K.L.:
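My structure is below; once you've seen it, I'll send some questions.
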Protein chains: 2
Amino acid sequence: MMELTRKGEYAIRGIIYLAQQPPGRVSLISEIAAAADVPQTFLAKIFQSFAKLGLVVSSRGTGGGFVLARPASAITMREVVEAVEGPILPNRCLLGASCERGTGHCLVHDVWRQVQTEVVNILDAVTIDTLARGRDGRDAA
Amino acid sequence: MMELTRKGEYAIRGIIYLAQQPPGRVSLISEIAAAADVPQTFLAKIFQSFAKLGLVVSSRGTGGGFVLARPASAITMREVVEAVEGPILPNRCLLGASCERGTGHCLVHDVWRQVQTEVVNILDAVTIDTLARGRDGRDAA
DNA sequence: TTATAACAGGATCAAAATGATCCTAAAGGT
DNA sequence: ACCTTTAGGATCATTTTGATCCTGTTATAA
Ligand code: SF4
Ligand code: SF4
């Protein structure tokens with residue numbers, strides 16, 4: 001239950017690679033895809049989302065590619081995951097403040113709300129630079 | 001992201017109804033389905049899972065139906081959810097203790113492990129009798 | 001200004017998961 | 001025997017996931 005999809009995995013792997021590059025260094029999508037071991041066309045879509053949300057800056061033409069839009073220490077794992085998977089939402093009814101059925105919100109609602117809050121807190125507390133460093137730079141998602 | 005499926009929602013609604021019945025009272029699947037507003041044939045499958053896992057006891061024939069196998073206070077929301085959705089597993093690689101790729105486990109792994117632990121803790125702390133009581137018995141998932 | 005490099009975005013597609021139903025068998029009561 | 005009720009397998013439509021392709025747009029450089 002609650003599994004991250006491939007898209008989410010790829011997103012994390014891809015942006016970690018970017019974060020591991022020297023600051024300001026522009027990377028091609030082909031380069032990132034190869035390094036992160038992700039199908040290139042798929043990763044391109046993912047980075048489109050990143051760009052639209054302002055996590056990375058893209059440029060076209062010769063010399064173009066992707067760079068982080070902010071320091072890796074200012075990009076959270078939550079932003080990356082939500083960029084491609086949508087908001088953290090363990091139960092549909094958490095969208096509206098209240099109930100989809102019946103009179104008002106129920107105790108189940110509160111439990112899922114609690115789950116949502118906890119997960120968001122954990123992912124908010126992790127930044128990409130932390131992930132990018134890893135131990136000795138080995139292993140990055 | 002991480003949305004509970006219909007099956008999970010139905011499972012919770014169904015077992016809460018059972019928990020709201022007088023202890024020992026046998027309920028028909030048709031009755032539960034109507035009360036919880038769930039397609040009956042679908043709910044039947046869900047309760048089959050419950051029975052196989054020992055959350056409920058089923059009996060066939062006239063006068064048959066379902067009863068909780070234990071007091072509602074001894075059945076956790078985690079058990080109910082996992083019965084139909086499988087284990088809480090935010091990332092595939094949490095299954096093996098280590099990595100699917102590369103050398104060893106990475107920092108991403110640790111974050112998802114933390115998420116898993118938190119969610120499990122929350123759901124373990126909630127029992128069905130708490131949910132069944134609700135406020136005034138109104139609203140039950 | 002033309003050629004080339006690279007991302008943007010829409011369309012498409014196969015495979016898998018989800019949500020639901022149906023049918024036959026087995027178990028239990030009258 | 002006959003009816004009731006769950007068990008379990010098979011089936012089926014829809015949606016989501018994962019992936020690819022094609023065309024357009026932007027930018028650089030010869
Ligand atoms: S690199 Fe990290 S996240 Fe990816 S499979 Fe290995 S431990 Fe899991
Ligand atoms: S009954 Fe509870 S869980 Fe169901 S939609 Fe309403 S608030 Fe959400």
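Below, all heavy atoms of this structure are taken into account, side chains as well, without hydrogens, waters or symmetry copies. Chain naming here is simple, since letters A, B, ... match the order of the sequence lines and numbering starts at 1 in each. Just so we're clear, the structure is a prediction, and the values are computed from it rather than from any experiment.
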K.L.:
Sorted by first residue and then second, give each salt bridge (charged side-chain N to carboxylate O under 4.0 Å, His left out) pair with at least one member in residues 43-57 of chain A; sequence neighbours left out.
P.N.:
none

K.L.:
Mapping A:Lys7 and B:Lys52 to their closest nucleotides on DNA chain D, which lands nearer the 5' end?
P.N.:
B:Lys52

K.L.:
Within the side chain of A:Glu3, is there an N or O that forms a donor-acceptor pair under 3.5 Å with the backbone of B:Leu89?
P.N.:
no

K.L.:
Return whichever of A:Ser27 or B:Glu85 has its heavy-atom-nearest nucleotide of DNA chain C closer to the 5' end.
P.N.:
A:Ser27

K.L.:
For A:Phe66, enumerate each residue passing the ring pair (Phe, Tyr, Trp, His ring centres under 6.0 Å) test, keeping only those at least two apart in sequence or located in another chain.
P.N.:
A:Phe47

K.L.:
What residue pairs, at least two apart or across chains, pass salt bridge (charged side-chain N to carboxylate O under 4.0 Å, His left out) with a residue in residues 23-43 of chain A?
P.N.:
A:Arg25-A:Glu31, A:Asp37-B:Arg101

K.L.:
Looking at residues at least two apart in the chain, or sitting in another chain, which of them share a side-chain contact (heavy atoms from CB on, under 4.5 Å) with B:Ser30?
P.N.:
B:Leu28, B:Gln40

K.L.:
Quick one: hydrophobic cluster around B:Val67, which other residues, with the 4.5 Å side-chain cut-off, linked directly or via members?
P.N.:
B:Val26

K.L.:
Taking only the side-chain nitrogens and oxygens of A:Tyr10, find out if one of them lies under 4.0 Å from OP1 or OP2 of D:dG18.
P.N.:
no

K.L.:
Measure the distance from CD on B:Glu3 to C1' on C:dG19 and round it to the nearest whole Å.
P.N.:
15 Å

K.L.:
Go through the structure and list residues passing side-chain contact (heavy atoms from CB on, under 4.5 Å) with A:Thr41, not counting sequence neighbours.
P.N.:
none

K.L.:
Nearest whole Å is fine: how far is C:dG28 P from B:Leu28 CG?
P.N.:
16 Å

K.L.:
Within the sub-3.5 Å range, which N or O atoms of nucleotides 15-17 of chain C have a protein N or O partner, and how far apart are they?
P.N.:
none

K.L.:
Starting at atom CE of A:Met2, determine the distance to atom C1' of D:dT17, rounded to an integer number of angstrom.
P.N.:
19 Å

K.L.:
For the pair made of CZ in A:Phe66 and C1' in C:dA5, what is the distance, rounded to whole Å?
P.N.:
13 Å

K.L.:
Keeping to residues at least two apart or across chains, list the salt bridge (charged side-chain N to carboxylate O under 4.0 Å, His left out) pairs with something in residues 62-78 of chain A.
P.N.:
A:Arg70-A:Glu79, A:Arg78-A:Glu82, A:Arg78-A:Asp124

K.L.:
Identify, residue by residue, the members of residues 39-51 of chain A with a heavy atom below 4.0 Å from DNA chain D, and return them in order of residue number, or none.
P.N.:
A:Pro39, A:Thr41, A:Phe42, A:Lys45

K.L.:
Protein within reach of the bases, or only the backbone? For nucleotides 22-30 of chain D, mark each nucleotide 5' to 3' as B, S or -, using heavy atoms under 4.0 Å.
P.N.:
--BBBBB--

K.L.:
With sequence neighbours left out, what residues match B:Met77 under side-chain contact (heavy atoms from CB on, under 4.5 Å)?
P.N.:
A:Val108, A:Val111, A:Trp112, B:Ile12, B:Val81, B:Leu123, B:Val126, B:Leu131

K.L.:
Side chain of B:Arg6: nearest nucleotide among D:dA7, C:dA20, D:dG18?
P.N.:
C:dA20

K.L.:
Got A:Met2 and B:Ile88 here, is their nearest side-chain heavy-atom distance under 4.5 Å?
P.N.:
yes

K.L.:
Which of these nucleotides, D:dT6, D:dA19, C:dC7, is closest to any side-chain atom of A:Ile29?
P.N.:
C:dC7

K.L.:
Could you list the residues that satisfy side-chain contact (heavy atoms from CB on, under 4.5 Å) with B:Thr5, not counting sequence neighbours?
P.N.:
B:Lys7, B:Glu85

